[in-house]
Participant: 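Sharing a structure, written as structure tokens. Questions coming.
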Amino acid sequence: MLNLIAEFLKILNSETEPRQISLAVCFALIIGITPLYSLHNLIVLFLVFILRVNIATFLLAWPLIAGIGYIIDPVLHQIGMAALTEKSWEGLWTGLYNNPVFHLARFNNTIVMGGLIFSMVMFVPCFFLSNYLVKRYRETFLSWVEKTRLMKLLKASKLFQVYQTVSGGAS
Amino acid sequence: MKKWIRLPGLLIFIVVVGLIALFWFVFADMLVKKGIEAGGSRAVGAKVELADADISLFPLGLDLTGLQVTNPDELMRNIVEIDHIHVSLETAYLLQRKIVSDEMLVDGVRLDTPRKVSGRLPDRPEPKKPEKDKDKKEGRLIELPKLSVSSVDDILKQEKLKTVEEVERFRSDIKAEREKYEALLKTLPDKQKLAGYQDRIKNLKGSKSLGSLFGAANEVSAVKKDIENDINQLKNVKGDLQGKVAEYQNRLVRLKDLPMEDFQRLKEKYSLSSQGLGNMALLLFGPQYGEWISKGISLYEKARPYLTKSNAGPEKVEEAAPVRGKGIDIKFREYEPIPDFLARIARVSLLLDVGDLKGEIRDIASDQTIYGKPVSFLFSGRKLKMINEVSFQGSLDRTAVNQAVDTVSGRFTGYRISDAVLSKDSGFPITLKNASADISLDLQIRNQQIESKVVSRLDSVVFSTGDTGENDLLRSAIRDALAGISQFQIKAGLTGTLEKNDVKVESDIDKVMGNAVKNAVTKQAKVFEDKLKQQLTEKTGGLLSGLDSSIGDFQFMDKELAERLKFGDGLLGDMKLF
């Protein structure tokens with residue numbers, strides 16, 4: 001875990017494209033908010049590996065977002081329930097329900113559907129927000145953070161030594 | 001575009017997916033085993049254990065070995081134990097998360113088997129032990145009435161006799177009346193007072209002067225009036241007294257009838273009649289039928305929730321509270337509806353005490369309203385350990401919403417019965433030592449209303465009644481009658497609901513037993529009545545003696561009053577001379 005945090009700090013402070021970090025957060029949003037054993041998560045995983053997405057960020061963001069998902073579970077259930085019981089969409093859902101692949105994907109589960117809708121809606125805003133935050137961090141906070149007493153303490157800590165090891169001494 | 005694509009990522013993805021598949025392949029059997037054990041235990045409320053589970057991919061199927069389902073009411077017993085189950089699965093339906101099997105093989109099904117360790121779940125309390133009644137603790141008991149004549153003593157000790165009560169009341173009443181009249185007699189004009197009138201009359205007769213004659217006329221009138229008053233007083237009391245005497249004489253007559261009334265009452269209450277023993281078949285075989293019925297109903301009640309939940313109507317998803325992180329699966333109309341679980345045919349081998357049976361269960365569906373066919377079963381066996389031939393079939397129909405119709409019919413030929421205990425009463429044990437039975441069974445349960453008919457024909461019958469030293473007439477008669485029976489037929493009917501039902505047992509054994517019992521009861525009743533009469537006479541006869549003399553005291557008082565009246569009347573006669 002220390003390695004992962006150190007790697008994340010390294011990425012934030014490195015020349016890695018902010019978009020790669022943001023996209024990793026967005027994919028983590030989908031896989032973290034929806035139940036893990038869902039068929040669509042296989043597609044998410046495929047995209048994470050095939051696209052130049054920052055995997056360390058993805059692996060760090062995933063459990064954090066899963067925790068948030070657990071907290072907002074009742075909201076996700078309500079969203080899923082509302083979508084699945086919407087009369088005008090009944091024909092669509094019935095068609096998908098009779099398709100073995102979609103049936104296997106458990107789209108008819110309120111949490112799967114609610115989580116999927118929530119993460120899809122939040123995908124684009126999350127991308128731009130993450131992008132903005134990474135850029136702002138690098139522009140405004142990076143030099144200031146490194147001068148802080150806290151950062152100095154952190155540099156002397158075991159965490160920073162790990163960070164140094166993985167980053168090869170560069171900062 | 002190349003800037004965004006990471007081709008080695010495809011390899012990593014394949015490796016990751018491959019690892020996941022390998023993990024599933026290695027651990028799938030264990031996961032299925034744990035899943036079945038956890039889900040089964042949760043549903044049953046006691047441990048469900050599986051020795052092994054094995055998934056085969058080509059062809060797709062599942063093998064379960066050593067399944068044990070604990071009885072949640074008796075944690076040291078299994079409701080069912082199955083050696084091996086093979087389920088062949090249809091892949092296309094599995095993608096729809098449905099388990100559909102064309103054929104299931106279920107080998108070595110045993111019912112009600114003992115367990116080595118308790119099947120209690122750690123989070124469940126020990127089940128409450130059902131309160132066993134005395135009959136169950138000691139085995140079946142037949143309550144034959146005690147026909148001992150010595151019990152008359154106990155009866156007379158515990159019963160309040162009307163004769164005794166009435167005699168005591170009579171004595172106390174008559175004593176009070178006597179004291180009352182004795183006191184009254186003292187206040188009434190006695191001979192001394194009346195003799196005083198005689199002196200006054202004599203004085204009046206002695207008056208000679210005209211003046212005194214004139215005054216005497218008034219005195220005569222006064223004396224006469226006084227005498228008449230006294231006589232009236234005496235007459236009134238005498239009249240009352242005679243009324244009382246008549247009343248007590250009547251009570252005395254009734255008192256003399258009371259011992260007989262007591263006798264009749266006690267005879268009716270305690271004497272024997274063969275009425276209660278008329279249905280000996282019910283007495284002998286009723287408990288056995290009752291035991292089978294309660295066992296059968298208990299098993300049926302355990303299975304019922306799993307059968308009925310499938311046709312309880314559509315679930316209201318809004319009302320169900322979802323488990324956090326699990327959500328709710330919403331069901332939509334299927335173009336080709338099929339239940340979540342369906343086994344079109346299950347070939348089953350049953351290992352029972354009577355022998356091994358083979359059979360098949362068809363159309364086992366988790367929701368019959370979707371599938372439209374009831375579960376049906378047919379089992380049979382020939383030349384078994386304890387039975388020549390057995391076949392039974394039936395169906396569990398839940399195809400209509402909120403309607404349940406279950407039927408079973410069976411034929412059992414040449415069922416060898418040996419040492420079947422009909423009564424464990426230490427005073428009168430009855431055992432069916434040997435018999436060969438042909439049994440037919442028809443049962444229907446329609447929405448909890450139960451109706452069943454069992455006809456059993458028993459041949460080569462040998463009863464054993466044991467010798468316990470209690471050899472009263474009734475027991476001797478039953479022993480003799482049972483010894484003479486070599487074949488009989490029993491018809492048992494069951495009607496009512498699952499909770500409250502009524503067993504009726506009829507048999508031609510009743511005629512044979514009924515006559516024997518009737519004769520024994522008549523003889524014993526005569527002995528009982530004679531003894532009761534004798535002891536009642538002894539107890540009440542002494543009480544009644546001396547009551548006549550107590551009325552005699554009143555007659556003495558009546559005589560005394562008559563003498564006073566006669567004297568008074570004589571005085572009035574003397575007064576006529578004036």
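Chain A is the first sequence line, chain B the second, and so forth, proteins listed ahead of strands; every chain is numbered from 1. Not measured: the values here are computed from a predicted model.
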Participant: Could you look at V112(A) and say if it's the side chain, the backbone, both or neither that has a heavy atom under 4.5 Å from chain B?
Facilitator: neither

Participant: Taking atom types as modelled and ignoring hydrogens, do the side chains of D397(B) and T399(B) form a donor-acceptor contact shorter than 3.5 angstrom?
Facilitator: yes

Participant: Between G115(A), P74(A), G114(A), which shows the greatest number of heavy-atom pairs under 4.5 Å with chain B?
Facilitator: P74(A)

Participant: Can you find a side-chain donor-acceptor pair between D52(B) and T65(B) that sits under 3.5 Å?
Facilitator: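 D52(B) vs T65(B): no donor-acceptor pair found between side chains.
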
Participant: Once you measure the plane-to-plane angle for W62(A) and F58(A), does it fall in the parallel (<30°), tilted (30-60°) or perpendicular (>60°) bin?
Facilitator: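 Taking F58(A) first and then W62(A), their aromatic rings sit tilted (interplane angle of 30° to 60°).
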
Participant: Do the side chains of R97(B) and D340(B) get close enough for a salt bridge, i.e. N-O under 4.0 angstrom?
Facilitator: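 Answer for the salt bridge query: no.
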
Participant: For Y97(A), is it the side chain, the backbone, both, or neither that has a heavy atom closer than 4.5 Å to a heavy atom of chain B?
Facilitator: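 Contact with chain B involves the side chain of Y97(A) alone.
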
Participant: Only pairs of heavy atoms separated by less than 4.5 Å count here; which of L84(A), L23(A), L76(A), L42(A) has the most with chain B?
Facilitator: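 Of the candidates given, the most pairs with chain B belong to L84(A).
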
Participant: Give a yes or no on whether a salt bridge exists between R347(B) and D107(B), defined as a side-chain N under 4.0 angstrom from a carboxylate O.
Facilitator: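 Looking at D107(B) together with R347(B), the answer is no, because their closest N to O distance does not fall below 4.0 Å.
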
Participant: Among I55(A), V48(A), T94(A), which residue has the highest count of heavy-atom pairs closer than 4.5 Å to chain B?
Facilitator: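 Maximum pair count with chain B is reached by T94(A).
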
Participant: Which atoms of L96(A) come close to chain B, meaning under 4.5 Å heavy atom to heavy atom: side chain ones, backbone ones, both, or neither?
Facilitator: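 Answer is neither: L96(A) stays 4.5 Å or more from chain B.
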
